[in-house]
Amino acid sequence: MLQITLREDHKSIPLHRQIADQIRFQIEHGEVGRDTRLPSSRDLARQLGVARGTVVYAYEELCAAGLCESRVGCGTVVTHVNGLKKRYESPRGFETTRNKLYRAPDEPVNLDPRELSFLPSIADTSHLPITALRGSFDRVLRYPSHLKSFAESAGDPMLRRLICENILSERGIEAHPNEVLVVPGTQYGAVLIALTLAHSHRRLHFGVPGYLDIARNFARFGFELCEHAVDADGIVLSATDLRGDDVVYLMPEHHFPQCVTLTEPRRAEIRSAMLRNNLLVIEDDYDSEYYYDRQPQPALKASDCSDAVIYLGTFSKTLFNSLRLGYVVAEQSLIREMATLHWSLSRGTSTILQRWVAELLAEGTITRHINRMRTVYRRKRDRIVKLLHDGFPDWNFNAPPGGLQFFLDLGSPSNARKVMKICQEKRLRIAHPSNYVMDAESEQQFLVLGFGSVPLSQIESCLSELKRALES
């Protein structure tokens, strides 16, 4: 029995592609076996409430992909043999504690296209200014001669200049383009930092619960990991915990996933440690553009007199996550060293992508889009606050002052397990709490609800379903 869920808002994937993708997933994962006869196009169209031609088009795609074939008198039949031949066997003892540390619990492998994603920090693409995006890309292609060679290893000069003038200035940061490195995503930028610092620094400090993929990558390059609690004032970090060969990873404006802001007394203590211990700080400013109740505080980098702060920024939250374009801001010699490494590893960042984003910055498209989305996300946040207060009074949470997720304390690990189970049954993809703690086996009583990419109407219906399921 096929299980198909269609998303029919005007910005969704075409219906025939949704049908084909979901049937493909069920075939490849053994839910629909070989020689199974699919429903007739007429019956499936009636069941889904779509035109028959839409189903016919989907079946034709499946046949063209070799998953099915159309047989006279039998209709469309599955011909695909489930299962891939296993060519690689993990060595004995591979599942060590260290290897488990490297594994991201929510790595996107074999994603079910029937799921509705409530993962955090995913941008909403339904409001993208498509006409402006297309116009900027057309202008880049109008003069293709500049695409025949690689960009500078540190990044396109125009884009680096515009990052300094249009973005960093908004965060109180004065920087020269030579202090900026454009990278294919801040995760990649953090890898370059880890590789560059590995010969001079030994320990990485970070907050838990938190965004741990960067910590896992530092561990890959030999860093000792030192985790610290996070409370309402941000990371709990004492100067006595720090020494000269340490690196501290911070998200001062919105610590992920709790969305708490590092208070001024704790910022001051970290600044003192930077001056006293020759400490390095990585400041991940991943979504400070999205603030709802107040202006964000200036970045730590804005008051960095000793070049001890390495600043990370991204375009993925302001445009769309699959853009994979970010930047690192640091003192010039460190940028030069990382740019050389970046060139050796990957010959720099995509030239056409950088030119396109530079065009968008120059003409103000990105600024206008951020202002619009700030309003969209704030309205969505306010509505979810009311839904949660009314429908789930036993859950503890604070309305996030910014960002794209709620941090929900459900009171006990059993409550969290129950909600996760219901979400799994209803194909609602929620990030597992083990993403945010180092001990993936430990049970947590919190959940993280991302709201950026899900339409408000679907959020309302899903929370209503969840409430009914918990009551029953």
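The first residue of the sequence shown is numbered 1, and numbering continues consecutively from there.
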With a 4.0 Å cut-off, would you call [X] and [Y] a salt bridge?
| X | Y | answer |
| --- | --- | --- |
| Asp156 | Arg160 | no |
| Glu165 | Arg161 | yes |
| Asp382 | Lys380 | no |
| Arg336 | Glu152 | no |
| Glu359 | Arg139 | yes |
| Asp246 | Arg203 | yes |
| Arg267 | Asp233 | no |

Establish, for the pair Arg374 and Tyr291, whether the NZ or CZ atom is under 6.0 angstrom from the six-membered ring centre and no further than 45 degrees off its axis.
yes
Interatomic spacing from [atom1] in [X] to [atom2] in [Y] - rounded to 0.5 Å:
| X | Y | atom1 | atom2 | result |
| --- | --- | --- | --- | --- |
| Leu204 | Ile214 | CG | CD1 | 9.0 Å |
| Leu466 | Ser461 | CG | OG | 11.5 Å |
| Glu465 | Cys423 | CD | SG | 10.0 Å |

Would you please say whether a donor-acceptor pair under 3.5 Å links the side chains of [X] and [Y]?
| X | Y | answer |
| --- | --- | --- |
| Asn371 | Arg368 | no |
| Arg372 | Thr367 | no |
| Ser136 | Glu363 | yes |
| His342 | Thr349 | yes |
| Arg427 | Thr5 | no |
| Asn415 | Gln445 | no |
| Glu115 | Ser117 | no |

Which atoms form the tightest heavy-atom contact between His205 and Leu237, and what is the distance?
ND1-CD1, 4.3 Å
Closest heavy-atom pair and its distance - Ser288, Pro296
O-CG, 3.9 Å
Would you indicate whether the side-chain heavy atoms of [Y] and [X] approach each other to under 4.5 Å?
| X | Y | value |
| --- | --- | --- |
| Asn435 | Leu212 | no |
| Ile310 | Val329 | no |
| Trp395 | Leu388 | yes |
| His389 | Phe397 | yes |
| Phe206 | Met438 | yes |
| His176 | Cys164 | no |
| Leu410 | Phe446 | no |

With [X], the side-chain contact (heavy atoms from CB on, under 4.5 Å) member among [options]:
| X | options | result |
| --- | --- | --- |
| Leu360 | Leu133, Thr318, Leu162 | Leu133 |
| Phe320 | Ile122, Asp124, Thr125 | Thr125 |
| Val260 | His254, Glu253, His255 | His255 |

Cut-off 3.5 Å, no hydrogens considered: what does the side-chain donor-acceptor table look like for residues 191-201, sequence neighbours left out?
unit_1, atom_1, unit_2, atom_2, d
Thr196, OG1, Leu192, O, 2.7
His199, ND1, Thr196, O, 2.8
Ser200, OG, Leu197, O, 3.3

For the pair [X] and [Y], name the ring-plane relationship: parallel under 30°, tilted 30 to 60°, perpendicular over 60°.
| X | Y | value |
| --- | --- | --- |
| Phe256 | Tyr286 | perpendicular |
| Tyr249 | Tyr211 | tilted |
| Phe218 | Phe223 | perpendicular |

So, Phe406 versus Phe451, ring centres under 6.0 angstrom or not?
yes
Report, as yes or no, whether the 6.0 Å neighbourhood of atom CG on Asp231 holds more than 12 heavy atoms from other residues, nucleotides or ligands.
yes
Take a 6.0 Å sphere around CD of Glu174 and say whether it holds more than 12 heavy atoms from other residues, nucleotides or ligands.
no
Sorted by chain and number, sequence neighbours left out, side chain to side chain donor-acceptor pair (under 3.5 Å) with Arg378 holds for none
For Arg379, enumerate each residue passing the side chain to side chain donor-acceptor pair (under 3.5 Å) test, keeping only those at least two apart in sequence or located in another chain.
none
Answer yes or no: is there a donor N or O on one side and an acceptor on the other, between the side chain of Asp439 and the main chain of Glu441, under 3.5 Å?
yes
